[in-house]
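Every chain is numbered from 1 and lettered A, B, ... according to where its sequence line falls, protein lines coming before strand lines. Just so it is clear, the values below take in all heavy atoms, side chains as well, and ignore hydrogens, waters and symmetry mates. Since we're looking at a predicted model, the values are computed, not measured.
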Amino acid sequence: MTNPPPRSRGPDTTPNHDCPASHEHCGAPTGEHPPVTSLATVSIRGLWLTYPGTRWGPPVHVLEDVNLEVRRGEFVCIVGPSGCGKTTLLNIIGGFLTATRGEVLVEGAPVQGPDRRRIFIFQEGGVFPWLTVRENIGFGLDRRPGRDTVINHYLEMVGLSGFERSYPRELSGGMRQRVEIARALAANPEILYMDEPFGALDYITRFKMRADLVRIWQGERKTVLFVTHDIDEAIQLGDRVLVMTRRPATIREVVEVNLRRPRDLDSPSYLERRDRIFKAMGMSHLSGGPLGP
Amino acid sequence: MNADRMAPNTSQRPRWFAPVLTLPSLVAVLLLLAWEGAVRYSRNDLFPGPWQVGLGVVELLRKGLLLKYTVASLFRVTWGFLLAVLVGVPFGLFLGWFRTAYLAFNPLIQVLRPISPIAWIPLAILWFGVSDAAPVFLIFLASVFPITVSATAAVRDLQPVYVRAARNFGIGRVQLFLRVILPATLPQVLTGLRIALGVAWLVVVAAEMIAVNSGLGYLIIDARNAGKRYDLVVAGMVIIGLIGLGLDLLLRRAERLEGVSWGYAHR
């Protein structure tokens, strides 16, 4: 298995170039990688999810008229307050849940269920504890020649060479998530659905995992839909950040990040985007509380 | 720094000094001494002392009865238990996976389960006569319920994330069962087998007292009936205890195997 060659990044390819906010207005290219095609790879129209009412309570609207489009090769983050339904949304897109109303199209076809071309990465505990690291990574691969090469490739990519015979319980939480990411990539999916994959990790590990994910994504160029409640994480990773509201959840705002990776978390343009997301969520980053009374 | 000096100093001691072995041995020796002392001091003939019991074991060994009866009991336990595994594990996994089946069969199981296998003895004799089949049937009854219940619980406790992750890779039903459900439930199923084997060993002794004329249970009842040989009665009890310990250790060993050890908290 070989990685696709890195795509052309336009005339300005200075590495680590943090594009200042003023740059956006002078016509310099700010987008890191323009989409190859305008065809949306994931397309959601008028999606509703309602849990029917019971004897004790009225129906619960979890998702209300969600619309979104994800382009091929794009890294899209979905942020929102905890419990707002973003994981539910991802489960519907992943084919694990069925919506009450609306359309979920992937590559133009309605989602019928989970599909090996789109792999889901769970927050925690998705690796199989009865299999070694190597066996986990090879889980989605047929027993064909070249299997070992693929496994070795992804072992190395996620930095777990030397741990292939270890069992998940012998690894740290961060390493277990690396196993899951490697297992997903080894199956060569077109899309990755990531549901707060770093949510259970400590602060330092999370930082490292984000940087590694960006590096891996730049090599593999998969389409990624990444759910998180961490606004910094979303801006650091995503090409676009979709901001969801509280229940009944819908997408309130789409923030184009348009910053070169790796991203400087102190740059004014970064902070400006962060504030926009805070505002969209009805919060102030100073007080943490809701704006207004 | 020398790495050896970092090693815990217990590794310096010889293996036989491990507290797991020495402490229980110490308790056993003290208890035997107290037992012997109490029997000699009270001069009663209601309870034989350890020396008499030891002589009784030797007598059984000489006559070849010890080996013969142990083999007979283990034979019945093996067959009854194997049948229970063959029926209980698949049936339990089936009930755990299919909710409808669980709803249909679980009440029946919960009614049959608390009936002591001993209560089945009259029927077992009526159906199978005085033969090996009667105790095998009773052992099957005794162990099939704990096995079924633990297998059912294992599937119901299964983390849904394993099934989702596996399905995501597009594997079929058979593969899902073989590669996910079976390995994921194995540790809990094995714990059920351990409990069931303990119960089976309890029941074989009771069954042999009534339904057959060989085995360790028969040895005990025969020693009493034929000559009030209470030294042989207690010898039989001690042997039953030791074999029971051995059976449990065997399955504990199995819990350390690579495919299942992940499922137990590490002690």
Side-chain angles (χ1 to χ4, degrees), chain A residues 87 90-97 111-133 135-143 165-171 176-177 179-197 200, chain B residues 89-90 92-93 96-99 150-194 251-267:
Chain A
T87 292
L90 199 62
N91 273 306
I92 294 173
I93 302 173
F96 295 119
L97 264 179
V111 171
Q112 307 280 358
D115 189 311
R116 58 168 297 139
R117 288 169 297 177
R118 306 134 203 175
I119 300 291
F120 207 100
I121 292 173
F122 301 89
Q123 176 171 4
E124 217 182 345
V127 297
F128 302 122
W130 57 89
L131 297 180
T132 62
V133 168
E135 291 163 341
N136 260 292
I137 296 176
F139 186 86
L141 298 172
D142 304 325
R143 305 208 171 277
R165 285 162 174 273
S166 303
Y167 281 89
R169 65 159 189 277
E170 298 159 354
L171 306 177
R176 281 199 290 268
Q177 288 306 81
V179 175
E180 192 164 344
I181 291 169
R183 183 179 69 186
L185 291 172
N188 196 22
E190 288 152 18
I191 312 176
L192 289 178
Y193 300 129
M194 306 181 84
D195 181 17
E196 302 203 29
Chain B
V89 173
L93 294 177
W97 189 251
F98 297 102
R99 200 179 139 71
S150 73
T152 303
V155 178
R156 291 172 72 89
D157 293 348
L158 189 69
Q159 298 283 333
V161 66
Y162 298 150
V163 177
R164 285 189 171 190
R167 282 204 166 137
N168 202 169
F169 288 101
I171 69 174
R173 282 175 154 254
V174 177
Q175 289 286 308
L176 183 72
F177 178 76
L178 292 177
R179 297 175 66 191
V180 179
I181 296 170
L182 209 54
T185 51
L186 207 52
Q188 214 176 321
V189 168
L190 199 58
T191 304
L193 295 193
R194 242 184 83 199
L251 280 189
R252 264 177 197 265
R253 264 287 145 88
E255 288 183 354
R256 292 202 209 138
L257 294 177
E258 225 173 37
V260 291
S261 62
W262 61 270
Y264 305 104
H266 283 268
R267 288 152 280 191

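- The CG atom of L131(A) lies 9.5 Å from the CH2 atom of W262(B); values are rounded to the nearest 0.5 Å.
- Of residues 153-166 of chain B, those residues with a non-hydrogen atom less than 4.5 Å from any non-hydrogen atom of chain A are, in numerical order, V161(B), Y162(B), R164(B), A165(B), A166(B).
- Under the rule for a ring pair (Phe, Tyr, Trp, His ring centres under 6.0 Å), the partners of F98(B) that lie at least two apart in sequence or sit in another chain are F94(B).
- Scanning both residues, D115(A) and N168(B), for their nearest heavy atoms gives O-ND2, 3.0 Å.
- Contact between F169(B) and R116(A) at its shortest, heavy atoms only, is O-NH1, 3.4 Å.
- Looking at D195(A), there are no atoms closer than 4.5 Å to chain B (heavy atoms on both sides), in backbone or side chain.
- Dense packing is recorded around CZ of R179(B), with more than 12 heavy atoms of other residues, nucleotides or ligands lying under 6.0 Å away.
- Proximity to chain B (any heavy atom under 4.5 Å) is shown, for F120(A), by both the backbone and the side chain.
- Contact annotation for R183(A): both backbone and side-chain heavy atoms come within less than 4.5 Å of a heavy atom of chain B.
- Only the side chain of I171(B) comes within less than 4.5 Å of a heavy atom of chain A; its backbone N, CA, C and O stay farther away.
- A 4.5 Å side-chain heavy-atom check between V260(B) and W130(A) finds every atom pair outside the cut-off.
- Of the atoms belonging to F122(A), it is side-chain heavy atoms, and not backbone ones, that fall under 4.5 Å from chain B.
- In terms of non-hydrogen atom pairs under 4.5 Å with chain B, the most contact-rich of G94(A), P168(A), G140(A) is G140(A).
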